[in-house]
Structure formats: structure tokens, C-alpha cells
2 protein chains.
Amino acid sequence: MTETIKKVNKKEAILKAALQLFSQRSFYGTTMPDISTLADVGAGTIYRYFTSKEALVNALFFRIMTEFDQRLESDFPNGMDTRIQFHHLFQSLWGYVVDNTQAFVFINLHDEGKYLDERSHASFDKLWNFITTIIDKGQQRGDVVDLDPKSIVSLVYGPLIPISKLLINHKYTASKDFVYALEEATWRAVSSK
Amino acid sequence: MTETIKKVNKKEAILKAALQLFSQRSFYGTTMPDISTLADVGAGTIYRYFTSKEALVNALFFRIMTEFDQRLESDFPNGMDTRIQFHHLFQSLWGYVVDNTQAFVFINLHDEGKYLDERSHASFDKLWNFITTIIDKGQQRGDVVDLDPKSIVSLVYGPLIPISKLLINHKYTASKDFVYALEEATWRAVSSK
DNA sequence: AAAAAAGGAACGATCATTCATTCATTTATT
DNA sequence: AATAAATGAATGAATGATCGTTCCTTTTTT
């Protein structure tokens, strides 16, 4: 199975290099030779795994969004009350950004790119819709303030964008206590009480 | 003075076109021919006003950050209490984003670009530092929750990033009442009480 | 030995930028 | 006032560099 392992290694090396460069320099600011050099593969090898630069960015975007969404949706406390659900949402959101800062920067740098295909857009919408649904149910129970769900999702998700830039530049450290204090502050904004 | 007027018009046409294209397609995704076509000037004309593509993006970034900062700092209620200062901050922040959505998208798409010079970085830091100072003083008075100022600034500034993307796509309308309700929600997060 | 994978030189396209030239306006000369 | 000379803003074809991609060759695997 050396063959398969190598194949996987090459493909993963390309995706890893692409993530690093796209998150630092953006899609158009990154060249295929840049990626092949960092991945330590020949320029032509990339095209054995991805039909084009666009196909590569879409494969990466879709994979990252799917992993992100799974992290939010897995172990979600479906039966529990709103505050507990919010706790799970907030902590898994912050947990993902702390553990995958580069991926989160990549997402927010590219989510409006015209090179993204339908599948990529759908994967982004899936995560956004999941958060919206949680907020929506909280509102139906009367636990979440009666505001446009889009605003509330932005209130929860938005702060992570500047935070992820600080994390990348090592100008921020997200300790457990820290994140919990921010959860409480955000809950104060979102709660109906 | 026809000459001067024409000069100003060309320069402004170039900056206007550059803002539109950079905010839609990013710096590297926009070509100089793209800009000259949209501005309705010859390709070489851009180089009469800006020495390079980098000089153009820096001129634009600096101008936009300076205008944004002036909007926040002008008429700021320096003597007043924290809640009133927060009201002014929040409303001028949202007011700017609603009136200059394209500019705000441009800022957040390019603020980490390696093509930005020292002057551009300083203009970004100036705005960020202004907000930080307001939060800091509120904390000293005991009115603002005792959290890292960077987190609090992100809590106030961050939500505007997804909101600006929704505004660009005409999927969000920011009415007066709406923004005021969000101000109150955000104040609940930020307030020490 | 045959087949698959990998490599990288080479290709046409397109990039940022340059520069010789045009042309409208101002200044100088009569 | 009329005309000629000078100016400099504007242009866009041309340039060298670099892009994404291809394809022939070499290496590795079976």
C-alpha cells in the first residue's frame, strides 16, 4: 500500500501548502508554482490530483467547511435548553478557530470568491444555516432576544474574524477562562432577559 | 482651471474604479487594465497619478481609513459618560458601514496584505487604537466589563464584517430601530452590570 | 517489462509597466 | 489680435516577466 500512502501524502501535501498560501496571500495572490514548491512536488503533479487551480481551491474550501460544520453539529445537545445549546455552539466555534486558525482565516478571505462553485457555497450555507436554526429555536422558546437571526449570528460569528487575525499574528491568546468570560458576555447580548 | 478639474476627475475616477474592483475581486484579482477600463482612462494614465499598483492600493487604503477614523473621532462626546460614548461609537461605526459598505469590505479584505506600507498600517492602527482607548477608559470608570480590550473591540467591530457582506449582496437592511436594538444588545455584552 | 506516477521544461496567455507619440491648451511673438 | 512655439496630460501598442497549464521524459511501482 505504499502507492496509496504516497498518493495520499502528495495530495495532502498539496492541500496543506495551498491552505497556508491561500490564507496568507489569497487565491489570486498565490501561484501554482508557489504551491508546488511548498508542497515539494513537481508543478505538473498538482494536476494529477486537481484539474485546475479553481478545482483545488474548491476542494480545499469544501473540505474545510465540512470539517468545521461537523465539529459544530457533532455532539450537539439537541434536547437540552437554550443556554446549554448556546454554550456548546460558542465553545465549538471558538475551539475550531483556536485549533484551525489558518482554516478559519482562509474561509473568511474566500467565501465571497467568484471562483467558488455551487458545492462550496452550499457547504458554507450549511454551517451558517445550522447556527441560524439554533438561534431560531432559542427565539421560539423565548430565550433569545427578538432580533433578525442574521444579526444575532453575526454577533456570535463576527468577532472571531478579527480574533483569528490576531491569533495568526500571535497577538492574542485564548485561554479557557477567557473564552468562557466571552461566552457569558455574548450570551448577555443574545439572551432575551 | 479646467486643467486642474480634469486632473482631479481622472484621479478620482481611477480611485473609484479601484475601490469597486478591489472590494469585489481583491488586490491580486484586479488588473490594471480592469481599472483603466472601468475608470475610462488609458492604461498609461494611471501611472501619471500613481507610481505603481501598490502605490494605488496604499493611496486608497490610507484615504479610506482616514475618512473612517475622522467619522468616529469627530463630534466624539469626550466629557460624557461611558454609555453615551458607547452610543456615539456604535452609531458612527454602523453609520459608516451602511454609508460606505464597499469601503468597509475593502478594508477587511486588505488589512493583512503584504503590499500595504507603513503609512497604511498606521492608519488602520489609529482607528483600532481609538476604539481601544474608549473601551479602556470605560473599564477604568468601572462601566465596561473587565476583559482584554482586544476581545471587546472585536465584539463591537467584528459583527460588522459579516453584516457588510450581507449589505453588499442586498440580503440585509439596517433600519434605525434595528441598529439601536443591536446597540443595546452589544452594550449588554460590554457593560459591567 | 509494462504501467502508473512524478517531474519540470515549454507554451500561449496575460500581467504590470514603459515610452514614443498625439493633441489640447497655454505662453510668447509679431 | 493673430499666429507660432512650447508644454504636459493622455494614450495604447509594445515589452519582459510571470501566470496556469500541458505534455514529453524520467522514475517508481507492480
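We use all heavy atoms of the structure for the numbers below, so side chains are in, but hydrogens, waters and symmetry mates are not. Sequence lines set the chain letters: A, B, ... in the order given, protein chains first and strands last, and positions in each chain run from 1.
- For the segment residues 27-42 of chain A, residues with any heavy atom less than 4.0 angstrom from an atom of DNA chain D are, sorted by number, A/Thr30, A/Thr31, A/Met32, A/Pro33.
- Neither OP1 nor OP2 of D/dC19 sits under 4.0 Å from any side-chain N or O of A/Lys53.
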Name the pairs: protein N/O against N/O of nucleotides 22-27 of chain D, kept only if under 3.5 Å.
none

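- Within the structure, salt bridge (charged side-chain N to carboxylate O under 4.0 Å, His left out) pairs that include any residue of residues 153-163 of chain A do not occur (at least two apart or interchain).
- The salt bridge (Lys or Arg N to Asp or Glu O under 4.0 Å) check on B/Arg83 picks up B/Glu183, with sequence neighbours excluded.
- Every residue was checked against the side-chain hydrogen bond (donor to acceptor under 3.5 Å, both in side chains) condition with B/Asn100, not counting sequence neighbours, and none meets it.
- Applying the salt bridge (charged side-chain N to carboxylate O under 4.0 Å, His left out) definition to pairs two or more places apart or across chains, those involving residues 49-68 of chain A are A/Glu12-A/Arg63.
- Non-hydrogen atoms lying under 4.0 Å from DNA chain D are contributed by nothing in residues 13-25 of chain A.
- Contact check, B/Lys10 against D/dT11: a side-chain N or O comes under 4.0 Å of OP1 or OP2.
- For residues 69-82 of chain B, the pairs satisfying salt bridge (charged side-chain N to carboxylate O under 4.0 Å, His left out) are B/Asp69-B/Lys126, B/Arg71-B/Asp99, B/Glu73-B/Lys126, with sequence neighbours left out.
- The side-chain hydrogen bond (donor to acceptor under 3.5 Å, both in side chains) analysis of residues 13-25 of chain B, with sequence neighbours excluded, yields the pairs B/Arg25-B/Asp34.
- Counting only heavy atoms from C-beta outward, the side chains of B/Ile35 and B/Leu56 approach each other to under 4.5 Å.
- Under the rule for a side-chain hydrogen bond (donor to acceptor under 3.5 Å, both in side chains), the partners of B/Tyr172 that lie at least two apart in sequence or sit in another chain are A/Ser151.
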Please tabulate, one pair per line, all N/O donor-acceptor pairs under 3.5 Å involving side-chain atoms of residues 155-169 of chain A, not counting sequence neighbours.
| from | atom 1 | to | atom 2 | distance (Å) |
| --- | --- | --- | --- | --- |
| A/Tyr157 | OH | A/Asn108 | OD1 | 2.9 |
| A/Ser164 | OG | A/Leu160 | O | 3.3 |
| A/Ser164 | OG | A/Ile161 | O | 2.7 |
| A/Lys165 | NZ | B/Asn108 | O | 3.0 |
| A/Lys165 | NZ | B/Asp111 | OD1 | 3.0 |
| A/Lys165 | NZ | B/Asp111 | OD2 | 3.2 |
| A/Asn169 | ND2 | A/Lys165 | O | 3.1 |
| A/Asn169 | ND2 | B/Glu112 | OE1 | 3.3 |

Could you give the side-chain donor-acceptor pairs of residues 116-124 of chain A under 3.5 Å, partners two or more places apart or in another chain?
| from | atom 1 | to | atom 2 | distance (Å) |
| --- | --- | --- | --- | --- |
| A/Asp117 | OD1 | A/Arg119 | N | 3.2 |
| A/Asp117 | OD1 | A/Ser120 | N | 2.9 |
| A/Asp117 | OD1 | A/Ser120 | OG | 3.1 |
| A/Ser120 | OG | A/Asn58 | OD1 | 2.7 |
| A/Ser123 | OG | A/Ser120 | O | 2.7 |

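- Nearest to the side-chain atoms of A/Arg48 among the listed nucleotides C/dT17, D/dT21, C/dA6 stands C/dA6.
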